[in-house]
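Quick caveat, the model's predicted, so the values are computed rather than measured. Because only heavy atoms are used, hydrogens play no part in the values below, and waters and symmetry mates are left out as well, while side chains stay in. Letters A, B, ... are given to chains in the order of the sequence lines, protein chains preceding strands, and every chain is numbered from 1.
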2 protein chains.
Amino acid sequence: MGNSAQELAEAIEELSPQELICALVAQGVLTDPDSARGRLLNAAARLFEQKGYARTTVRDLAAEIGILSGSIFHHFSSKEQILCAVMREVTIFAGARMRSAAERSASPQERLKACIQSELEAIHGLAVPGFSILVVEWRSLSEESQQEVLRLREEYEQIWLDAISAAHCAGGDPALVRRLLVGALSHTYSWFKPRDNGLTISDLAGRILAIFAP
Amino acid sequence: MGNSAQELAEAIEELSPQELICALVAQGVLTDPDSARGRLLNAAARLFEQKGYARTTVRDLAAEIGILSGSIFHHFSSKEQILCAVMREVTIFAGARMRSAAERSASPQERLKACIQSELEAIHGLAVPGFSILVVEWRSLSEESQQEVLRLREEYEQIWLDAISAAHCAGGDPALVRRLLVGALSHTYSWFKPRDNGLTISDLAGRILAIFAP
DNA sequence: TTGAATACCAAGCGCTTGCTTGGTAGCGTT
DNA sequence: AACGCTACCAAGCAAGCGCTTGGTATTCAA
């Protein structure tokens, strides 16, 4: 799929995850992953994803970055604020990455596949960990924090709805298609391992596209 | 869809949830919901579903059925055993119900729709609560308990795979289609409310069928 | 040289958690 | 009437939890 000239062009345009992170940090919209706060957020994202929010203690988090549990509260006022911050940053990063992937697409079909692939990459932590938390641990967030992350998420969802509408998906209603996709994609976290040779994330995205936009 | 004579025949054949429960209780494969243990399992299913396993305390469970927290451990050896028992019973019940729904179907398409609708009904607690726990709280179960429930689940999944294979689903691989469906269907728990007029569970099942088996 | 700010440690507080223990009321059987 | 069994209560234990407090080392600006 795609000739090599086009692939080259895309490779040039595409920012690496690190470059994107740097850009967003410079904008002041993301925490520097090398700062203490950033390292804590990264550890939290990994642990919340692996063990779940409730089963991860602040002592676990502290041990992961080599400080004592009490010191955490110099950076965050509560454990829940850590979860909220992880969700915020993950939403912002995944949104920026998907937008850039979508914009690089020529056809509507290609754009939808870019969205699918981008979300799969986010779920499986190819650039930064923590995206799958957004679905799994949603109820662990207080009402207000939910509202806050939800507002951030709106533009992300708009990209999806536009892409689905343009791709003439089966079943009509883009909102329904998106809702089914959210579930289907996030659930891949518990069965699909990108390490498995035989099916890459790009392959999987193609298969899913074939079902939802035949 | 379907003429009224056929619908009548189905109505006669179909067991009500209560009748099915009674039959399974008589077989000794399900706990009598009127017994103390049964009432506890029902309360647990509801609370685990509403608040999540980790955020539901044994005191919550006890209060729900009007006993003290310590008395719980006359019926179960640990909180996790309650979760395991809920998952076991829910799996058995949903399996029996889906099997009977699938068998009542004439065509492969109809059979797949029956599976989709049956799982949607299970997820949204139309007969008994707790089915959505199977996906959401899977990681709260110990390794051994997971294995135990998994073994029970195998025949349930086989019904699905057969139905998907027979219905010539888009995308080919029935295992992949099933995995996407597991995610898509279980996620409906967090956005679809059967009370909403405008879209019934049967409608939703039809829409989903149209996407996955066009 | 001083002072404020930052990032962390050391210790532990108050509370909640799952679970235990010892006892008792009610009931069916002999 | 005596027994044993089931189902529960009353009380609380030990551990783990999120979080607080008071203090210290380092840094950097004035």
Atom pair distance, as rounded to whole Å: CG in A:L61 and P in D:dG18: 8 Å

For atom CG of B:D60 and atom C1' of C:dT17, their distance in whole Å: 11 Å

Nearest-0.5 Å distance that lies between atom CG in A:L152 and atom CD in A:E148: 7.0 Å

B:E103 with B:R97: basic N within carboxylate O range, under 4.0 Å: no

B:F73 CZ - D:dA7 P separation (whole Å): 17 Å

Any B:L180 side-chain heavy atom under 4.5 Å of A:H187 side chain: no

Spacing between A:I72 atom CD1 and D:dC17 atom P, to the nearest angstrom: 13 Å

Donor-acceptor pair (no angle test) under 3.5 Å: B:R59 side chain, C:dG18 base: yes

Interatomic distance, A:K51 NZ vs D:dG16 C1' [rounded to whole Å]: 13 Å

Sugar-phosphate only, base, or nothing, as touched by A:S35 at under 4.0 Å among non-hydrogen atoms: nothing

Carboxylate-amine/guanidinium proximity below 4.0 Å for A:E64 and A:R39: no

Parallel, tilted or perpendicular: ring planes of B:Y53 versus B:F48, cut at 30 and 60 degrees: perpendicular

Pairwise distance CZ(B:R151) to OG1(B:T91) - rounded to 0.5 angstrom: 12.5 Å

Contact letters for nucleotides 4-11 of chain C, in which S counts primed atoms plus P, OP1 and OP2 and B counts the base, heavy atoms under 4.0 Å: ---BBBB-

